[in-house]
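Written below as structure tokens is the structure these notes are about.
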2 protein chains.
Amino acid sequence: MANRAALSEEDVCARVRDSVLEQRLAPGTKLTEESLCAVFGVGRTTVRRAFLLLKRDNIIELQKNRGAMVASPSPEEARQVFESRILVETGLLKTTIKTVTLIDIEQLRGHLLAEKAALENADIARWIRLTGEFHLLLAKLAGNKLLDAFLEQLVFQTSLIVALYGPGSTGPNCSGDDHRQLVDALSAGDHSHANDLLVQHLHEIEAQLEFAPQQPFGDLQTIFGEARTA
Amino acid sequence: MANRAALSEEDVCARVRDSVLEQRLAPGTKLTEESLCAVFGVGRTTVRRAFLLLKRDNIIELQKNRGAMVASPSPEEARQVFESRILVETGLLKTTIKTVTLIDIEQLRGHLLAEKAALENADIARWIRLTGEFHLLLAKLAGNKLLDAFLEQLVFQTSLIVALYGPGSTGPNCSGDDHRQLVDALSAGDHSHANDLLVQHLHEIEAQLEFAPQQPFGDLQTIFGEARTA
DNA sequence: TCTTCTAATATTGTTGACAATCGAATAAAA
DNA sequence: TTTTATTCGATTGTCAACAATATTAGAAGA
């Protein structure tokens with residue numbers, strides 16, 4: 001059994017975000033306080049505070065007296081997310097390309113292997129999560145915590161957007177080889193090429209969106225139950 | 001008298017942020033729950049939730065069992081704030097220069113007048129706030145709410161940074177004429193020039209910083225009392 | 001006088017009960 | 001059958017009391 005030390009609001013927030021990142025929590029899902037209390041074994045106070053954090057990150061929407069539901073970004077919001085990602089990620093890349101070390105490259109390649117393994121094991125949830133985390137890992141190399149945190153928000157929202165408007169459940173969040181090519185360009189110190197690849201990669205994902213919503217669903221206990229696979 | 005409808009955590013959060021923006025709340029100031037309850041006439045629940053929001057915006061620091069204090073960004077954090085601002089603001093400018101309308105220019109010029117008036121009236125608090133809001137107004141024209149919200153965070157943090165490391169109390173947050181020149185360039189549709197001015201403007205502010213902290217102070221009741229001058 | 005320990009005070013953290021509000025189900029009327 | 005009211009159950013919002021923790025003040029000893 002997991003330890004019984006009470007989870008903090010940050011923990012609950014992280015768990016919910018994980019579920020969003022792995023697309024086990026569909027946009028529009030109603031989150032009642034009581035159910036989350038039960039799932040995570042915490043009091044309403046903690047859940048309530050977690051809701052506040054999640055709202056600030058645009059992961060849930062809070063309506064007065066009507067509770068919380070997982071956010072459903074509009075097409076316009078989706079556009080803004082990708083616009084922001086391109087700006088931030090290319091900005092970070094400009095720094096990274098100048099400071100990147102061999103150790104960093106090793107770490108990135110290690111991550112690529114993990115992505116590949118997850119895909120081969122047909123562990124789709126894990127793969128979806130890893131492809132998102134690749135971008136965060138890449139961002140971290142630039143050493144700007146503020147932009148990191150902001151990009152994190154954007155990546156989580158991207159997950160919601162892909163869940164809403166993306167291609168069928170088989171469809172990739174990030175097509176397989178793009179990340180490897182990007183690491184290669186980075187390793188070669190070719191900023192212009194790396195930049196092109198990054199922009200193209202993001203545009204590709206955006207281009208695959210079809211703005212006609214759909215609604216999968218899931219049971220909360222199941223969804224949250226198997227969160228910690230890392 | 002103002003209406004007695006209870007303020008929400010967002011309201012409290014906004015009031016505190018206003019005070020930070022106008023530099024009436026010094027970095028390091030201890031914020032006890034009870035004092036804020038008294039000042040704003042709300043319960044501890046509301047203050048507590050506001051604290052959570054303020055923490056997420058890096059405006060206060062929360063220590064377990066030790067309460068909240070206004071954040072004191074480190075020199076490294078200051079560097080990251082300016083790096084982020086340059087990235088975001090130049091990115092937004094690239095959009096704005098393509099879509100800006102005469103009405104937008106009018107609005108910006110109106111803001112410049114307000115800045116000038118505040119300066120002439122020696123209403124320094126208001127002037128400091130307006131110079132910060134100029135950047136937010138400019139950003140809003142690009143029509144990306146996510147980047148807007150992020151820049152808002154950065155501007156508030158800039159206020160803390162200037163309070164900590166900036167030139168003496170007479171020193172300007174944004175030197176007077178820079179904003180006007182920027183609007184002129186924008187009005188002329190000269191992207192390259194506008195971009196240069198913006199970058200130079202931000203670099204100027206950063207260059208004026210001296211990383212040797214100082215500590216002004218103030219009474220909470222006074223600080224919050226005269227917040228709403230807009 | 002200075003240090004160290006203890007007790008008192010003040011502040012924060014948590015819980016549970018109660019109030020307010022919303023949504024659904026039912027019943028009544030057109 | 002459809003629409004409108006009303007009641008009931010469920011969910012959220014608020015508050016106050018209590019517990020846990022930290023800070024301060026004071027006393028004792030060197």
Side-chain angles (χ1 to χ4, degrees), chain A residues 3-16 25-72 215 217-221 223-224, chain B residues 3-16 25-72 215 217-221 223-224:
Chain A
N3 75 21
R4 294 273 163 200
L7 280 59
S8 72
E9 61 267 3
E10 302 271 2
D11 297 327
V12 172
C13 181
R15 291 285 288 272
V16 174
L25 248 188
T29 306
K30 174 79 192 292
L31 300 176
T32 65
E33 296 180 357
E34 200 187 10
S35 55
L36 292 203
C37 291
V39 169
F40 295 121
V42 299
R44 279 214 302 148
T45 307
T46 305
V47 170
R48 214 133 220 293
R49 303 187 99 209
F51 277 173
L52 218 57
L53 295 177
L54 290 165
K55 181 198 176 187
R56 180 51 62 109
D57 285 350
N58 289 320
I59 289 173
I60 65 171
E61 283 166 21
L62 280 180
Q63 284 173 303
K64 177 112 177 170
N65 286 316
R66 299 201 40 205
M69 62 192 328
V70 180
S72 301
Q215 292 274 359
F217 248 86
D219 166 68
L220 287 184
Q221 189 69 49
I223 287 172
F224 291 117
Chain B
N3 75 21
R4 294 276 163 198
L7 278 60
S8 72
E9 60 268 1
E10 301 272 2
D11 296 327
V12 172
C13 180
R15 292 283 290 271
V16 173
L25 249 187
T29 306
K30 175 80 190 293
L31 298 177
T32 66
E33 296 181 358
E34 200 187 9
S35 55
L36 291 204
C37 290
V39 168
F40 295 119
V42 298
R44 280 215 300 151
T45 306
T46 305
V47 170
R48 218 134 215 294
R49 303 188 97 211
F51 278 173
L52 217 58
L53 295 177
L54 289 164
K55 181 198 177 187
R56 180 51 61 109
D57 285 351
N58 291 319
I59 289 173
I60 65 171
E61 283 167 21
L62 281 180
Q63 285 174 301
K64 177 113 179 167
N65 286 318
R66 299 201 43 205
M69 63 192 328
V70 180
S72 300
Q215 294 271 2
F217 248 86
D219 166 67
L220 286 184
Q221 189 70 48
I223 287 173
F224 291 117

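Labels below follow one simple rule: chain letters A, B, ... track the order of the sequence lines, proteins then strands, and each chain is numbered from 1.
Whole-Å rounding puts the A:Glu34 CD to C:dA17 P distance at 14 Å. Taking atom CE on B:Met69 and atom P on D:dT23, their separation rounds to 11 Å, with Å as the unit. In this structure, the CZ atom of B:Arg44 is 12 Å from the P atom of D:dC15, given to the nearest Å. D:dA10 atom P lies 18 Å from atom CG of A:Asn65, rounded to whole Å. Regarding A:Arg66, its CZ atom lies at a distance of 11 Å from the C1' atom of C:dT21, rounded to whole Å. Rounded to whole angstrom, the span from the CZ atom of A:Phe51 across to the P atom of D:dT12 amounts to 7 Å. B:Arg49 places its CZ atom 12 Å from the P atom of D:dC15, with the value rounded to the nearest Å. Regarding B:Glu33, its CD atom lies at a distance of 14 Å from the P atom of D:dC15, rounded to whole Å.
In this structure, A:Phe51 and A:Ile60 have side chains that are in contact, with non-hydrogen atoms separated by less than 4.5 Å. Within the 4.5 Å cutoff, no side-chain heavy atoms of B:Val39 are placed close to those of B:Arg15. Taking the side chain as every heavy atom from C-beta outward, A:Asp57 and B:Arg56 approach each other to under 4.5 Å.
Among the atoms of the strands shown, none is found under 4.0 Å from any heavy atom of A:Gly43.
OP1 or OP2 of C:dT14 has at least one side-chain nitrogen or oxygen of B:Lys64 nearer than 4.0 Å.
Of the candidates B:Arg66, B:Arg49, B:Arg44, B:Arg44 is the only one forming a salt bridge (charged side-chain N to carboxylate O under 4.0 Å, His left out) with B:Glu33.
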